[in-house]
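In what follows, a single structure is set out as structure tokens and then discussed.
Letters A, B, ... mirror the listed sequences (proteins, then strands); counts begin at 1. These values consider heavy atoms only, across backbone and side chains, with no hydrogens, waters or symmetry-generated copies.
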2 protein chains.
Amino acid sequence: MARRYYGQYCGLAHAVDLVGERWALLIVRDLLVSPKRFTDLKRGLPRIPTNVLSARLKELEGAGVVRRHVLPRPDGSVVYELTDYGNELEDIVLALGRWGARTLGEPGADDIVTADALIMAMRSTFRPEAARDMTASYELRVGDVVIHVRVDDGDLEVAEGGLPDAGLVIETGPAIKALMAGELGPEQAIADGQVALTGPADLLHRFVQTFRI
Amino acid sequence: MARRYYGQYCGLAHAVDLVGERWALLIVRDLLVSPKRFTDLKRGLPRIPTNVLSARLKELEGAGVVRRHVLPRPDGSVVYELTDYGNELEDIVLALGRWGARTLGEPGADDIVTADALIMAMRSTFRPEAARDMTASYELRVGDVVIHVRVDDGDLEVAEGGLPDAGLVIETGPAIKALMAGELGPEQAIADGQVALTGPADLLHRFVQTFRI
DNA sequence: CTGGATCCCTCACGATACTG
DNA sequence: CAGTATCGTGAGGGATCCAG
């Protein structure tokens, strides 16, 4: 807004003005999963300084991407959520995540995986054409993050937390990236101990066909 | 790359590491139109300091997005072009430009429009479903930028420069955004003198139906 | 305890000048 | 033409502090 960085009358330049600042798209990523409070955002983005988070939220609000919502009393707390306009970034964020995942190497020592990041990763790698008429459910544990995935007749639903009646529980670590990229075969991953299953092993094949980098 | 800004093992965070720096996506935008030399890039992005352009090109090269290519003698000059991986940003850049264009206001006093920006804008607003079986050609003059557009049986081709046998020459200014967003009707635009035509006026209707923010 | 604001330091960015 | 060198400024990083 204020800062006219680029001096170009161009949709892309304007978009980058709105969401091109340093943490902005990661904030949008987390808000695409669900509305959140300041502290929730901070927890999902541990390395962001609070002043920067505060500044980004104000900028995104001013840009019409995020809405600040005060919950009714007695709670009275503040929730940030995407506007309709902000929600329309979903396809872009998913596509960019897919693009970036293709050159994602091994995780660094202090890299973390958050539930929201994993949820968006599953959404971005989902291949509807491979999931046609398919129904399956998975509980996915990566490090200490637990999410679950339901594929219901070709529709996808991903959310945080476990799933007691999951068809398959997949317990793994960073190897999940190699697995989903096809760099590591399911059998190999199990044999190496990089993936542990609770449930029928052939479901893992369907999993890697459904979610693919 | 070097700077681990985000500390997250996530495709999106990695993508933002690669192309999230301050001028990076605009450089990519211009390279999506055609390979360019350092000075050409500088001319299309007048406000970028040369050291920053230099740094971005090195980073993008290191990221595998841009390739530095030395032309054969006696020319011996250097050309920057997108790698295959870089080219795969096209849909994302187009989508982001479309998203940003929706909230693009009036141009600032010192905003410029470059040929490359306009070419990408035409590509991003093209609606194939509206251009089915259509054949048309336009020369488009916005300020002192001249490009031409061919719609050939549903296929789009946009490039810099005039087109002597264009079906319609459209001469306009910033009003083109309002026109393409449907905020300004074609007749109104002509009546106001915000658009001048050389050729049949009804082609302008087809133009605004084919290219739409 | 949530939701920030403040302070200080560093480094990336921006402007300009200059060189092979 | 294709950058490198220099230098000032402001945004980001990190820790701490404060109000409701």
Side-chain angles (χ1 to χ4, degrees), chain A residues 1-8 13 16-27 30-31 35-63 66-81 110 112, chain B residues 1-8 13 16-27 30-31 35-63 66-81 110 112:
Chain A
M1 322 295 290
R3 292 159 272 157
R4 318 221 77 271
Y5 279 133
Y6 304 106
Q8 304 221 347
V16 172
D17 262 352
L18 298 183
V19 295
E21 292 293 317
R22 247 176 190 73
W23 288 87
L25 276 185
L26 295 189
I27 294 171
D30 284 7
L31 291 180
K36 285 184 172 55
R37 298 189 298 184
F38 189 92
T39 313
D40 300 328
L41 286 166
K42 173 68 180 154
R43 187 171 17 249
L45 271 11
R47 308 255 288 234
I48 193 175
T50 58
N51 58 346
V52 175
L53 176 55
S54 190
R56 284 300 159 273
L57 286 169
K58 283 198 180 76
E59 290 161 14
L60 290 172
E61 190 187 353
V66 161
R67 181 172 31 233
R68 195 175 191 276
H69 189 229
V70 180
L71 292 181
R73 282 286 170 188
D75 190 327
S77 68
V78 180
V79 169
Y80 297 91
E81 58 189 3
D110 48 0
I112 63 171
Chain B
M1 318 288 295
R3 289 159 276 156
R4 320 220 76 271
Y5 279 132
Y6 305 106
Q8 305 221 347
V16 172
D17 263 351
L18 298 182
V19 296
E21 292 294 317
R22 246 178 191 72
W23 288 86
L25 275 185
L26 295 189
I27 294 171
D30 284 6
L31 291 181
K36 285 183 171 55
R37 298 189 297 185
F38 189 92
T39 313
D40 300 328
L41 286 166
K42 172 69 181 155
R43 186 170 18 247
L45 270 12
R47 308 256 287 233
I48 192 175
T50 57
N51 57 348
V52 174
L53 177 55
S54 189
R56 286 298 160 275
L57 287 170
K58 283 198 182 76
E59 291 160 13
L60 290 172
E61 191 187 353
V66 161
R67 181 172 32 231
R68 195 173 190 276
H69 189 229
V70 180
L71 292 181
R73 283 283 168 193
D75 190 327
S77 68
V78 180
V79 169
Y80 296 91
E81 59 190 3
D110 49 359
I112 63 170

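In this structure, A:Leu45 places its CG atom 11 Å from P of D:dG13, rounding to the nearest Å. If you measure from atom CZ of A:Arg37 to atom P of C:dG4, you get 11 Å, rounded to the nearest angstrom. Atom CZ in A:Arg43 sits roughly 15 Å away from atom C1' in C:dG4 (whole-Å rounding). In this structure, CG of B:Leu53 is placed 14 Å from P of C:dA15, rounded to the nearest angstrom. Nucleotide D:dG14 holds its P atom 11 Å from the CG atom of A:Asp110, rounded to whole Å. Look at OH on B:Tyr5: it is 10 Å from C1' on D:dG13, rounded to the nearest Å. Rounded to whole Å, atom P of C:dG4 lies 10 Å from atom CG of A:Leu41. Across the protein-nucleic acid pair, B:Arg22 atom CZ and D:dG12 atom C1' stand 9 Å apart, rounded to whole Å.
Side chain of A:Tyr6 to backbone of B:Arg22: a donor-acceptor contact under 3.5 angstrom is found.
Here B:Trp23 does not reach the OP1 or OP2 of C:dC13: none of its side-chain N or O atoms lies under 4.0 Å away. Put simply, A:Thr39 has a side-chain N or O that comes within less than 4.0 Å of OP1 or OP2 on C:dG3. Listed pair B:Arg56 / C:dC13 meets the phosphate criterion, a side-chain N or O lying under 4.0 Å from OP1 or OP2.
Atom CH2 in B:Trp23 sits 10.5 Å away from atom CG in B:Asp30 (nearest 0.5 Å). With rounding to the nearest 0.5 angstrom, the CG atom of A:Leu26 is 13.0 Å from the OH atom of B:Tyr5.
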Using a cutoff of under 3.5 Å, can you pull out all pairs of nitrogen or oxygen atoms linking the protein to nucleotides 3-5 of chain D, with atom names and distances?
{"from": "D:dG3", "atom 1": "OP1", "to": "B:Arg68", "atom 2": "NH2", "distance (Å)": "2.5"}
{"from": "D:dG3", "atom 1": "OP2", "to": "B:Tyr80", "atom 2": "OH", "distance (Å)": "2.6"}
{"from": "D:dT4", "atom 1": "OP1", "to": "B:Lys58", "atom 2": "NZ", "distance (Å)": "3.3"}
{"from": "D:dT4", "atom 1": "OP2", "to": "B:Ser54", "atom 2": "OG", "distance (Å)": "2.6"}
{"from": "D:dT4", "atom 1": "OP2", "to": "B:Lys58", "atom 2": "NZ", "distance (Å)": "3.2"}
{"from": "D:dT4", "atom 1": "O4", "to": "B:Thr50", "atom 2": "OG1", "distance (Å)": "2.7"}

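No side-chain heavy atom of B:Leu57 sits under 4.5 Å from any side-chain heavy atom of B:Arg68. A:Leu41 places a side-chain heavy atom less than 4.5 Å from the side chain of A:Leu31.
Shown here for B:Thr50 and B:Phe38, the closest heavy-atom pair between the two residues is O-CZ, 3.7 Å. The minimum heavy-atom distance between B:Pro35 and B:Val79, with the atom names listed, is CB-CG1, 3.6 Å.
Note on the helix from C:dC1-D:dG20 to C:dG20-D:dC1: terminal axis deviation equals 30°, with five pairs used at each end and the result rounded to 10°.
For A:Glu59 and A:Arg56, the salt-bridge test passes: some basic side-chain N is under 4.0 Å from an acidic carboxylate O.
Remark: B:Asp40 engages B:Arg43 in a side-chain hydrogen bond (donor to acceptor under 3.5 Å, both in side chains) (not counting sequence neighbours).
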